[in-house]
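Here the structure is laid out as structure tokens; the discussion comes afterwards.
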Amino acid sequence: MKPTAEFTPVKLEYLRLLSKQYPTVQEASTEIINLRAIQNLPKGTEHFLSDVHGEYEAFQHIINSASGVVREKIDDLLGATVPRSDRDQLATLIYYPEEKLEEIERETEDMREWYRITFHRLIDLCCLVSAKYTRAKVRKAMPRDYAYIIDELIHTHFEHNEADKRDYYENIICTIIDLDRASNFLIALCELIKRLAVDHLHLVGDIFDRGPGADVIMDTLMDYHSVDIQWGNHDILWMGAASGSRTLVATVLLNSLRYNNLEVIETGYGISLRPLSVFAEEFYRDCDISRFQVKIADEDDSSFTQRHKLIASRMHKAITMILFKLEGQKILRNPSFGMDDRLLLDKIDYENKTITIDGVVHPMLDTDFPTVDPKDPYALTPEEELLINTLTRSFRHSEKLQRHVRFLYSKGGLYRVYNGNLLFHGCIPMDKEGRLLSFSIGCQDLSGREFLDYADATARWAYYNKPGSPERQFGMDFLWWLWCGRNSPIFGRDRMTTFERRFIADESTHVETKNAYYTLYNDPTVCEGILKEFGLEGGHCHIVNGHVPVKSTRGESPVKGGGRLIVIDGGFCKAYQKTTGIAGYTLIYNSGCFRLVSHEPFAGKAEAIRKNWDITSTSQIFERLESRATIKDTDVGREMQAQVDDLLDLLRAYRSGAIVEGHKT
């Protein structure tokens, strides 16, 4: 038999390519040993967040504290020897090293002694949080300027009677202080601890809208060491606006004006709203704006004058009417969306001030629409056309927004299957009997995973296809459908009743009926069926879901489907906290358990630093693993096993003579 007989030609060619990287038996064997050793380390900690809605201070505190993981490590290490007040200060120092250090320097007489003690504690903490990683991975995580020194301190172990090692260790610390590098080194240690506390972050949708700092959150995510994002409906909204969808630009502006949240647009992304202000003052100055009052978070804010409120309300109404026109154009252009019932401007009887919806005549609270032509209600006026085109260009030319949206596309998707868990923001659309809904929107009868894969790809057309092409136009239209389309997987309702809530008193018209998924997900069998649809069966497989806040005040549990599904939208957004009763859920999945953490409202960064306040959190272990999970049990571990299998094949090829050891060409 020829020595190459056990390998197909394609496999042999692949092994020849692999031999260039591992040209000898020894090098291939060493790599196998390394990979198998890594596979037996504990799996890294995964951190799940959802629906942060621009609340950047609370978000950054949760990230800095790793939902209590950092504080837990401090207590494990120092709980028996260090007073609680000192542990509180150490935790705050790790969360906000630069700001807290300034305060400590003002209040501490002997900073040299304080640095010496604090360095010992931080280095011991580094040792604790780095224990589950390889030395090489820890070294890569270290700040480059201090990597060698930190590596030496972490791995210089000594007993009390080992004077030489102890002197070596203390000399490094003293030299750092003597050279006036203590503050820089301390910050480096704190950042390393936070970096090692969590191996990977999952952001399960809705970074944007409501709160004032979505751009700050995006900057934080772009600097994070390992992250994936599942797009939420509010993320899709901004992705569409950045792609050039005039309809979604108008929607972004409507939402921002409604909640008086213009800072992220004007300051964060440098988009001027002066054209809209000028337009509103010209065409809506003498218009009834009683239905368009903006929501003011702080009614005592004297900087927001009555004149500001008037201008904002006029802008709000002006952009709303533009939006209704653009939505009508989109529905007419895309009959496959099946949303003709949402064409409402042409159903208004201006003489009687009524509207007919689903065969029912309703009085209207407002019909003062100076830019709407009753004979052609979905046509933009020349001035509206100019305005929305100008605003859309501003979104397209905002360098910072474009950078953030490219990151959302590169790190994001509609769903993610990761280490046995299925992550998505909204729902898997179903009918009342639990059957997967099928869609024919630019496709033919797709449902479940197939439809989400199609929708994910189509959402990318809006950004990556050539401007002006039919593919890009349909992609932008499809993003709008994802935002508010009937039973869209990230909207999950039968309709968005913005029009009715503005203009009709009858609250029965305001109802947005949720997809049956939101009832059926309480059934373990339904959840297991969804998991199976995405290739997950048995074991510790879960659905991690955002989008719909959990009403804790009404006794609702975030754990559904007999523990198969976890909802982690608990109300980061301040606007939702009266309803939810808390300020968000987060999920921790480490090598031993799944832990759900509920958070109380955050007092603010300044208070946290000054008083060493943490977010009050309640941690609940809702599932323990039978044995400690290792990297071998993860997706990365399975990729490593595939590498090991290939390397074992390479060894057999060397030993059989199919490939000559040291082969370079």
Side-chain angles (χ1 to χ4, degrees), residues 46-51 67 200-206 228-233 235 412-437 447-453 455-456 482 487-493 514-551 556-570 584-590 593-598 620-625 629 633-635:
E46 296 173 53
H47 193 190
F48 302 75
L49 287 80
S50 175
D51 296 88
S67 285
H200 187 80
L201 173 66
H202 305 282
L203 202 297
V204 192
D206 276 359
D228 61 60
I229 299 166
Q230 289 68 59
W231 301 326
N233 50 322
D235 306 320
L414 280 178
Y415 73 93
R416 181 84 184 265
V417 175
Y418 192 97
N419 288 344
N421 296 307
L422 171 61
L423 288 62
F424 56 82
H425 179 74
C427 69
I428 304 300
M430 297 178 163
D431 64 19
K432 293 179 180 179
E433 283 70 44
R435 295 184 294 261
L436 297 174
L437 285 180
S447 63
R449 186 174 190 169
E450 282 189 329
F451 180 67
L452 260 65
D453 286 338
D456 186 291
L482 284 172
N487 293 313
S488 150
I490 59 169
F491 175 51
R493 292 179 169 87
K514 294 179 185 176
N515 183 262
Y517 166 88
Y518 292 106
T519 300
L520 295 170
Y521 69 2
N522 291 295
D523 184 343
T525 304
V526 170
C527 293
E528 288 167 4
I530 293 172
L531 289 166
K532 187 175 181 179
E533 171 74 10
F534 288 82
L536 301 172
E537 293 187 73
H540 297 278
C541 298
H542 304 85
I543 298 166
V544 182
N545 210 162
H547 189 47
V548 177
V550 177
K551 298 177 177 64
E556 184 182 357
S557 170
V559 181
K560 315 285 186 181
R564 282 298 195 182
L565 186 148
I566 308 101
V567 180
I568 59 169
D569 178 5
Y585 286 102
T586 53
L587 180 68
I588 297 291
Y589 173 31
N590 58 30
C593 67
F594 288 86
R595 183 167 56 196
L596 192 63
V597 186
S598 62
Q620 170 195 355
I621 295 175
F622 72 88
E623 187 171 315
R624 291 188 183 276
L625 308 184
D633 304 313
T634 68
D635 294 343

Any donor-acceptor pair under 3.5 Å linking the side chain of [X] with the backbone of [Y]?
| X | Y | value |
| --- | --- | --- |
| N419 | D635 | yes |
| N233 | D206 | no |
| D456 | L414 | yes |
| N515 | M430 | yes |

Is the shortest heavy-atom distance from the side chain of [X] to the side chain of [Y] under 4.5 Å?
| X | Y | result |
| --- | --- | --- |
| L596 | Y585 | yes |
| Y418 | T634 | no |
| K560 | N545 | no |
| H547 | V204 | no |
| C541 | R564 | yes |
| I588 | H47 | yes |
| P489 | F424 | no |
| Y521 | I530 | no |

Roughly how far, to the nearest 0.5 Å, is the CG atom of L203 from the CZ atom of F48? 12.0 Å
Would you say the side-chain atoms of H200 and D228 include a donor-acceptor pair closer than 3.5 Å? yes
Parallel, tilted or perpendicular: which describes the rings of F594 and Y589, with under 30° parallel and over 60° perpendicular? parallel
